[in-house]
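Here the structure comes first, spelled out in structure tokens, and everything after it is commentary.
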Amino acid sequence: MSQFRTFALVCALLSAAISHAQMQPPQLFSGMEGYTFLPDGTAIPIWGYGWVADGYITLPGPLLEYTEGESVQLNFTNPSPESHTIHLHGLDVDQANDGVPTTSFFVVTGGEATYEFEANHPGTFLYHCHVTTTLHLTMGMYGMILVNRPDMTLFEGGPGYSENAPLLFSDLAMETNLSAVQSFPFHDIRPDVFMVNGVSGDQLEQAEHIIDFEPGEPIALRLGSMAYSLLHLNFPEELNAICYMSDGRPVPEPFAVTDLEIFPGERFTVMIEPEAGWDGHIGCEFWNIPDQQLEEEQFVHVRDASLSVPDWGVTAAPVGFPNPTNSEIRWLGPASLSVFDAAGNSVFCGPLNEGRLEVSDWANGFYTAVFPDGTHTRFAVIH
Ligand SMILES: [Cu+2]
């Protein structure tokens with residue numbers, strides 16, 4: 001299932017023990033020392049949000065899900081060297097809680113805040129930092145918010161769905177991320193990396209980014225754009241795509257959709273109910289707005305679940321350290337393992353040398369370590 005699981009890494013926070021359990025109440029933090037990896041292994045610096053309990057930031061930030069009618073308290077702490085905020089994009093919040101620094105407040109280095117609002121409207125929303133916005137956005141400080149109804153209908157009197165599939169479109173300009181020193185006007189940002197849920201190209205073919213459907217069970221595509229580009233989506237007819245919501249509200253008349261434009265900051269909710277046995281892609285074209293030029297197309301894989309290959313599906317694995325690493329990674333416990341690269345190719349299989357695996361000549365990127373008991377974990381190599 002496509003989800004926000006692209007790991008970006010905060011160096012030094014990860015050692016022998018990582019708890020993926022979330023503390024109560026969960027708290028977001030902002031970090032400025034993360035990385036994301038391009039399909040070719042290139043490491044790109046990012047800033048972003050993550051759960052305090054996880055200890056690392058992700059691109060995009062964590063998916064925030066609330067229930068209609070909930071009184072939300074979004075706790076935020078900022079240990080990073082610059083001020084940040086959380087702007088609740090599209091939600092009807094009061095001025096004090098909307099995260100625009102000039103009309104509410106900054107969260108300075110070492111500061112904490114709680115954003116409060118009533119989740120009165122079900123729908124698809126976004127959040128992002130509103131400090132020096134063009135720079136902090138292209139660095140990765142954004143995520144998606146869903147307000148769900150407990151009965152799994154899109155809105156009161158609306159259609160039911162079996163699951164959400166969030167698709168957050170974004171882009172970044174490599175030059176800016178590699179040297180994040182100044183902000184540019186919106187129209188001067190020239191993105192050259194184009195992402196769906198923080199990944200691109202072959203990375204979208206990893207199992208976690210594929211939308212597996214059960215015939216007869218509609219899926220709610222939660223579409224939101226944090227890109228500087230104009231998105232032009234192409235839905236094959238076999239998906240039976242119908243647009244029900246725009247910008248967090250029902251559209252007056254739902255309409256069948258085969259192509260859809262999404263401007264920066266816009267959100268749509270599109271229901272798909274693909275034909276049994278279908279296996280194909282949603283085309284996601286990224287157009288440069290000032291030049292009106294097609295930059296790149298990404299493809300989101302949608303497939304009948306019966307065609308999917310079994311997932312390893314187990315996560316209680318030993319944690320390796322250091323992670324990320326540039327020389328060796330060490331596990332306490334397992335005597336042997338198999339390692340696969342991000343494309344699923346086997347790159348190692350055999351015994352560990354006193355718990356150690358030498359990776360100094362491995363390419364940059366994420367790797368999956370699978371242990372004899374079937375558990376698996378991920379680690380990153382970065383030089
Ligand atoms: Cu920021």
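Whatever order the structure lists them in is the order used to number ligands and atoms, beginning at 1.
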Of all N, O or S atoms in H84, the one closest to the Cu ion (ligand 1) is ND1
Please state whether the separation between the Cu ion (ligand 1) and some N/O/S atom of H130 is under 2.8 Å?
no
Kindly say whether the aromatic ring centers of W51 and Y56 come within a distance under 6.0 Å.
no
Could you check whether any side-chain N or O of N164 sits under 3.5 Å from a backbone N or O of P166, counting only pairs where one atom can act as donor and the other as acceptor?
no
Suppose we screen for side-chain hydrogen bond (donor to acceptor under 3.5 Å, both in side chains). Which residues come up paired with E116, at least two apart in sequence or across chains?
Q73
Heteroatom of H136 nearest to the Cu ion (ligand 1) (N, O or S, atom name)
ND1
For residues 286-293, run the donor-acceptor check on the side chains, cut-off 3.5 Å, and write out each pair with its distance to 0.1 Å, sequence neighbours left out.
from	atom 1	to	atom 2	distance (Å)
W287	NE1	E285	OE1	2.8
N288	OD1	D291	N	2.8
N288	ND2	E295	OE2	3.4

